[in-house]
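Some notes on the structure that comes next.
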Protein chains: 2
Amino acid sequence: MATSTAAQRRAAAKTEYDAYLADCPARQLLERIGDKWVSLLVNALADGPLRYGELSRRLAGISQKMLTQTLRALERDGLLTRSVTPAVPVQVEYALTPLGAGLLPLLGAVVDWAERNMPEVLAARDRYDGDTNAV
Amino acid sequence: MATSTAAQRRAAAKTEYDAYLADCPARQLLERIGDKWVSLLVNALADGPLRYGELSRRLAGISQKMLTQTLRALERDGLLTRSVTPAVPVQVEYALTPLGAGLLPLLGAVVDWAERNMPEVLAARDRYDGDTNAV
DNA sequence: CGGCATCCGTCTCGATACTG
DNA sequence: CAGTATCGAGACGGATGCCG
């Protein structure tokens, strides 16, 4: 007899839902490109391969930790490649794969939408914030 | 002279960068739709307005807190509207605005890309993970 | 040069309990 | 029914120091 059937049902529903979430490829993709640095990194590489240090300078505010972490994640997902040139100072170059380059149109669409509609969003935001403590 | 010029320059660069980030409309948009619940919420409302409870059931795993919080954020941004019908049990309905509905194509594009390319991403991921502790 | 390991603050998120 | 308030856990991200 159900000491806590409600809680169990909650748990079951959650598991079910989490599974659905995990399965959903769109969610995974959104989580990737929604990441703070991913989109910037991909954009930085849009014009061609860059070395670690170049990326570091290009994305000014990023910490080495996040840079490495993000690069690894993208490499893992096959969105970019990492090639090491064994020289005296080691040389590492990152380049977009065709798969990764395929993200550029998506990002472009977002930029496009944003440029056209963000002003309206910002206006709505101001209106909302203004009403809160107006009069 | 300069006790910690390097650190200061770092800070300056970061501030500059953060400002750039904050200004970038695409980033703001990505942060919104990259949110765990936003895309699901928008999708849930794609077919028409829903009430709070209906949304709560529809998105099974979400807590009231996150539901309310996400709804408020989207309302603030003018992506959906909140209409209260003063009845005996209060009735609140949420509906996408045209602006919010404009997100659907974007989301659709993501879903599309994901469905076509996620298998490859997943394959790359397996390969990468496999190599780590292979042989 | 190109990392990796560690520590630590912040901030998000979820569970719970209570209200009109 | 539709929230609000509070609290604690945990993920996330940054700074630092060391290594090949």
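Because the structure is a prediction, the values reported are computed rather than measured. We name chains A, B, ... by the order of the sequence lines, and we start the count at 1 in each one.
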side-chain N/O Trp37(B) vs dT12(C) OP1/OP2, d < 4.0 Å: no

Between Leu103(A), Leu74(A), Leu107(A), which is the residue that forms a side-chain contact (heavy atoms from CB on, under 4.5 Å) with Val38(A)? Leu74(A)

To the nearest angstrom, how far is Leu40(A) atom CG from dG13(D) atom P? 13 Å

Value in whole Å for how far the P atom of dG2(C) lies from CD1 of Ile62(A): 15 Å

Glu93(A) CD to dG3(C) P, in whole Å, measures 12 Å

Proximal nucleotide (of dG3(D), dA15(C), dC7(C)) relative to the Lys65(B) side chain: dA15(C)

Polar side-chain atom of Glu120(B) near backbone of Asn117(B) as donor-acceptor pair, under 3.5 Å: no

Is any side-chain N or O of Arg51(B) closer than 4.0 Å to OP1 or OP2 of dA2(D)? yes

For the side chain of Ser56(A) and the backbone of Tyr52(A), is there at least one donor-acceptor N/O pair under 3.5 Å apart? no

Here the distance between atom P of dG2(C) and atom CD of Gln91(A), to the nearest Å, is 7 Å

Could you state the atom-to-atom distance from CG of Asp35(A) to P of dC12(D) in whole Å? 9 Å

Without swapping roles, check the side chain of Arg27(B) against the backbone of Lys36(A) for a donor-acceptor pair under 3.5 Å. yes

Counting just side-chain N and O atoms, does Tyr52(B) come under 4.0 Å of either OP1 or OP2 of dT4(D)? no

Could you check Lys36(A) against Val90(B) and say which one's nearest nucleotide on DNA chain D is further toward the 5' end? Val90(B)

Using OP1 and OP2 only, check whether a side-chain N or O of Arg82(B) sits under 4.0 Å from dA2(D). no

Nearest to the side chain of Met66(A), heavy atoms from C-beta on, is which of dC1(D), dG3(C), dG13(D)? dG13(D)

Check: Thr97(B) side chain, Leu79(B) main-chain N or O, donor-acceptor pair, under 3.5 Å: yes

Glu31(B) CD to dC11(C) P, straight-line distance once rounded to whole Å: 13 Å

Gln64(B) CD - dT4(D) P separation (whole Å): 11 Å

Starting at atom CD of Glu75(B), determine the distance to atom C1' of dA2(D), rounded to an integer number of angstrom. 14 Å

